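In what follows, a structure is listed as structure tokens, so that the remarks can point back to it.
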Amino acid sequence: MQTMIAPSVLAADFGHLADEIETINRSEADWIHLDVMDGVFVPNLSFGFPVMEAIAKITTKPLDVHLMVVEPEKFLPRVKDLGAMFMNVHLEACRHLHRTLQSIREAGIRPAVTLNPATPVELLTEVINDVDMVLLMSVNPGFGGQPFIEHTTAKVRQLRKLITESGAKTLIEVDGGINLVTGAELRRAGADVLVSGSAIFHSPDPIDMIHRFKAL
Ligand code: DX5
Ligand code: ZN
């Protein structure tokens, strides 16, 4: 399968957000990745539904919503109204992860579970058949532009093994510090989807950068 790319809007120029989204529309990007932060689950704030609704109106790409918030299930109706394709909830933020994943699926959204760098892949054993995607964080969530945590590559290999052994069709997405070098490493380890903020939006030619990511 070809590398899938989800540019993270967090690194976009918010003063020219519509132009940034149009650029992604013209690119080979597969999805658009939206990072929501609440200042509680992570020590930062980003944007919320008004901004995502504006993006949803302009983008031609499916929305990959990454909720870095406590009690993410509270926002399910709003995420559904957005028309999101994926709703990523953090395992560390869900008291009843299985119930939350079921509710997401019942709402007609593809459920995805996200793991922080310190959370082991083994904790997914009981839910791997209930999720369409696992998002492995390769930085501590909350900020763009951080360096890639090398150990993530080993986690991708472990996760690939778990998925193969359980006969699941779960996609593996990785997020944080991804450039062409770390991206190539992750692809070799078995990642399907790469999220990238700074490497794409801070590049002089984001469309070309996405094209180069697609070739990994
Ligand atoms: C971090 C976010 C990431 C971030 C990635 O909390 O989840 O999606 O935007 O940005 P880069 O690619 O700059 O590490
Ligand atoms: Zn993210």
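Along the sequence shown, residues are numbered consecutively beginning with 1. Note that ligands are numbered from 1 as they come in the structure, with each ligand's atoms numbered from 1 the same way. Keep in mind that what you see is a predicted model, and the values were worked out from it rather than measured.
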Is A11 in contact with ligand 1, taking contact as a heavy-atom separation below 4.0 Å?
no

For atom 6 (O) of ligand 1, closest protein heavy-atom neighbour:
G142 N, 2.8 Å

Any donor-acceptor pair under 3.5 Å from T152 side chain to I149 backbone
yes

Using distance alone, decide if ligand 1 has a nitrogen or oxygen within less than 3.5 Å of any nitrogen or oxygen in A199.
no

Does this structure show an ion pair linking K161 with E165, if we count only N-O contacts that are shorter than 4.0 Å?
yes

Less than 4.0 Å between a side-chain N and a carboxylate O, is that true for K74 and E71?
yes

D132/R105 ion pair, N-O < 4.0 Å
yes

Nearest protein heavy atom to atom 14 (O) of ligand 1, by residue and atom, and its distance?
G177 N, 2.8 Å

Which of the ligand 1 atoms, numbered from 1, are nearer than 4.0 Å to a heavy atom of H66:
7 (O)

Using a 4.0 Å cut-off to any heavy atom of G144, which atoms of ligand 1 qualify?
10 (O), 13 (O)

Can you name the atoms of ligand 1, numbered from 1 with element, that are less than 4.0 Å from a heavy atom of G145?
11 (P), 13 (O), 14 (O)

min-distance protein heavy atom vs atom 12 (O) of ligand 1 -> G197 N, 2.8 Å

Give the atom numbers and elements of ligand 1 that come within less than 4.0 Å of a heavy atom of S198.
11 (P), 12 (O), 13 (O)

Please report which non-hydrogen protein atom sits nearest to atom 3 (C) of ligand 1, along with the residue it belongs to and the distance in Å to one decimal place.
D175 OD1, 2.9 Å

Ignoring hydrogens and angles, tell me if any N or O in the side chain of N88 forms a donor-acceptor pair with the backbone of V65 under 3.5 Å.
yes

For ligand 1, which atoms sit closer than 4.0 Å to a heavy atom of F143?
1 (C), 6 (O)

Check this for me, if you would: do R160 and D192 make a salt bridge, where the nitrogen-to-carboxylate-oxygen distance has to be below 4.0 angstrom?
yes

V156 versus V174, closest heavy-atom pair with distance:
CG2-CG2, 3.9 Å

Check whether T170 reaches the backbone of I128 with its side chain - one donor and one acceptor, N or O, closer than 3.5 Å.
yes

Using a 4.0 Å cutoff against the non-hydrogen atoms of P141, which atoms of ligand 1 qualify?
6 (O)

Of all the non-hydrogen atoms in the protein, which one sits nearest to atom 9 (O) of ligand 1, and at what distance?
S8 OG, 2.8 Å

Checking N179 against T182 for the side-chain hydrogen bond (donor to acceptor under 3.5 Å, both in side chains) test, could you report, in this order, the C-alpha distance in whole Å, the side-chain angles of both residues, the deciding distance, and whether it holds?
CA-CA 5 Å; N179 52 35; T182 52; 3.0 Å; yes

Going by the order shown, which atoms of ligand 1 are within less than 4.0 Å of some heavy atom of D35?
2 (C), 3 (C), 4 (C), 7 (O), 8 (O), 9 (O)

Please answer whether the main-chain N or O of L136 pairs with a side-chain N or O of K155 as donor and acceptor at a distance below 3.5 Å.
no

G176: numbered ligand 1 atoms lying under 4.0 Å from its heavy atoms
14 (O)

In terms of heavy-atom contacts, N25 and I58 come closest through ND2-O, 3.1 Å

With respect to M137, determine whether any N or O atom, backbone or side chain, lies less than 3.5 Å from an N or O atom of ligand 1.
no

Do you know how many protein N, O or S atoms are within a distance smaller than 2.8 Å of the Zn ion (ligand 2)?
4

Return the set of residues passing side-chain hydrogen bond (donor to acceptor under 3.5 Å, both in side chains) with H202 (not counting sequence neighbours), or none when no residue passes.
none

What class does the angle between the rings of F14 and F47 fall in, given that below 30° is parallel, 30 to 60° is tilted and above 60° is perpendicular?
tilted

Would you say H202 contacts ligand 1, with heavy atoms under 4.0 Å as the rule?
no

Verify, without hydrogens or angle tests, whether Q146 (side chain) and N140 (backbone) share a donor-acceptor contact under 3.5 angstrom.
yes

Under 3.5 Å: N/O of S196 near N/O of ligand 1:
no

Hey, does Q146 come in under 3.5 Å of ligand 1, counting only N/O atoms on both sides?
no

Using modelled atom types and a 3.5 Å cut-off, is there a donor and acceptor pairing between side-chain atoms of N44 and backbone atoms of G142?
yes

